[in-house]
2 protein chains.
Amino acid sequence: MGNQKLYKGSLQTIILKLLETNDKMYGYEITQKVKELTKGELKITEGALYPALHKLEADGLLDVEVAKVGNRLRKYYKLTESGSKETANKLAEMQEFLKTMQHLVNPKFSLE
Amino acid sequence: MGNQKLYKGSLQTIILKLLETNDKMYGYEITQKVKELTKGELKITEGALYPALHKLEADGLLDVEVAKVGNRLRKYYKLTESGSKETANKLAEMQEFLKTMQHLVNPKFSLE
DNA sequence: TCTTATACATTAGATTCTTATGTATATATT
DNA sequence: AATATATACATAAGAATCTAATGTATAAGA
């Protein structure tokens, strides 16, 4: 860690990608999944996650479905049709960004 | 473009890397070099660049040397010793970030 | 002459995050 | 039984980093 600030701007894309892969997820599950996939390198905070989910929902990219598990509340999010398209766009932009940065910081081992 | 916001947080690293490669550069030159290297994908604005350079200098990572070319002013920046070390750190963090993001958004084509 | 390029700089406002705080239930530990 | 940790949601203040706009001034090109 220590490079958390590099992730600034990529949270929406991460959420959308996870929902594309896993069909439906709830907030807490997303934080745990990201921690697991990044081996603890990236920890999504609630202060970042929940506003992001609310914004994606407000923008019509996600649908929400409330479920009760035991006595506890869960909000399952899934991609809308529009959300699936936007996910493809954002993933393409991310790939381009990663390629460009790779090239910038290390021209020798550029990906192409 | 359209993915400009993904670059948020990486400007310092980009500047340091350029100065590692090119020994000394002035602000305007940096904006042009980045535009060239990224084929126009990333355009560094003055409002981002100059405050960033001033901060790196204030933090002791850069030395500045004013030059007069014709009747025009140029401020050449170069890495201090401390700046060289920090560049190595930031580049390592960047590589880790890029690897992690690559893994997150496209596990199939992970870099390792 | 007028536009574009070069070269510096600051400021208002937007976005996106971290840190702190709050509420509540469930499980594990002592 | 008491306490700590995990699960699960949420908001709000403040920090950091950027974009877009504006400003000053010289040089070069049409």
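Within every chain, numbering begins at 1; the chains are lettered A, B, ... in the order of the sequence lines, protein sequences first and strands thereafter. Keep in mind that this is a model prediction, so the values were computed, not measured.
- Side chain of A:Tyr28, nearest nucleotide from D:dT7, C:dT15, D:dT11: D:dT7.
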Expected string for nucleotides 19-30 of chain D under the B/S/- scheme (protein heavy atoms, under 4.0 Å, primed atoms plus P, OP1, OP2 as sugar-phosphate) is BB-----BS---

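- One donor-acceptor pair, N or O on each side, does fall under 3.5 Å between the base of C:dT16 and the side chain of A:Lys8.
- For the pair B:Ile30 CD1 and C:dA7 C1', the computed distance is 13 Å after rounding to whole Å.
- Note on B:Lys5: a side-chain N or O is less than 4.0 Å away from OP1 or OP2 of C:dT16.
- Put simply, NZ on B:Lys33 is 14 Å from P on C:dT6, counting in whole angstrom units.
- Against DNA chain C, the stretch residues 53-67 of chain B makes heavy-atom approaches under 4.0 Å through B:His54.
- The hydrophobic cluster containing A:Leu73 does not contain A:Met25, counting ILVMFWY residues as joined when their side-chain heavy atoms lie under 4.5 angstrom apart, directly or transitively.
- For A:Asn22, there are no side-chain hydrogen bond (donor to acceptor under 3.5 Å, both in side chains) partners at least two apart in sequence or on another chain.
- Going from atom OH of B:Tyr26 over to atom P of C:dA5 covers 15 Å, rounded to whole Å.
- Contact annotation: the side chain of A:Gln12 approaches that of A:Leu56 to within less than 4.5 Å [non-hydrogen atoms, C-beta and beyond].
- Side-chain contact between B:Gln102 and A:Gln95 is present, with heavy atoms from C-beta onward closer than 4.5 Å.
- Using modelled atom types and a 3.5 Å distance limit, the side chains of B:Thr87 and B:Glu20 yield no donor-acceptor pair.
- Of the possible polar contacts, none joining the B:Ser82 side chain to the B:Leu61 backbone as a donor-acceptor pair under 3.5 Å is found.
- Looking at A:Leu104 and B:Thr13, their side chains never come closer than 4.5 Å, going by heavy atoms from C-beta outward.
- A donor-acceptor pair under 3.5 Å is formed between the side chain of A:Thr80 and the backbone N or O of A:Gly60.
- Protein atom CZ of A:Arg74 is 10 Å distant from nucleotide atom P of D:dT7, rounded to whole Å.
- A salt bridge is defined here as a Lys NZ or Arg NE, NH1 or NH2 lying under 4.0 Å from an Asp or Glu carboxylate O, and A:Lys33 with A:Glu29 fails to meet this definition.
- When the nearest nucleotides of DNA chain C are assigned to A:Ser10 and B:Leu73 by heavy-atom distance, the more 5′-ward of the two goes with B:Leu73.
- Listed pair B:Lys75 / C:dA9 meets the phosphate criterion, a side-chain N or O lying under 4.0 Å from OP1 or OP2.
- As a whole-Å value, the separation of A:Gln32 CD from D:dT5 C1' is 12 Å.
- Atom CD in B:Glu29 sits about 14 Å away from atom C1' in C:dC8, given to the nearest Å.
- With hydrogens and angles ignored, the 3.5 Å screen pairs no side-chain donor or acceptor of B:Thr31 with any backbone N or O of B:Ile44.
- A rotation axis mapping the C1' atoms of four pairs onto the next four is fitted at both ends of the helix from C:dT1-D:dA30 to C:dT30-D:dA1 over five pairs, and the angle between these axes is 20° to 10 degrees.
- The phosphate of C:dT10 has neither OP1 nor OP2 within less than 4.0 Å of any side-chain N or O from B:Tyr50.
- Counting only residues at least two apart or on different chains, the ring pair (Phe, Tyr, Trp, His ring centres under 6.0 Å) pairs with a member in residues 10-35 of chain B are B:Tyr26-B:Tyr76.
- Sorted by first then second residue, the ring pair (Phe, Tyr, Trp, His ring centres under 6.0 Å) pairs that include residues 37-70 of chain B, not counting sequence neighbours, number zero.
- Here D:dC18 presents its C1' atom at 13 Å from CD1 of B:Ile14, a figure rounded to the nearest Å.
- Look at CD on A:Glu36: it is 16 Å from C1' on D:dT7, rounded to the nearest Å.
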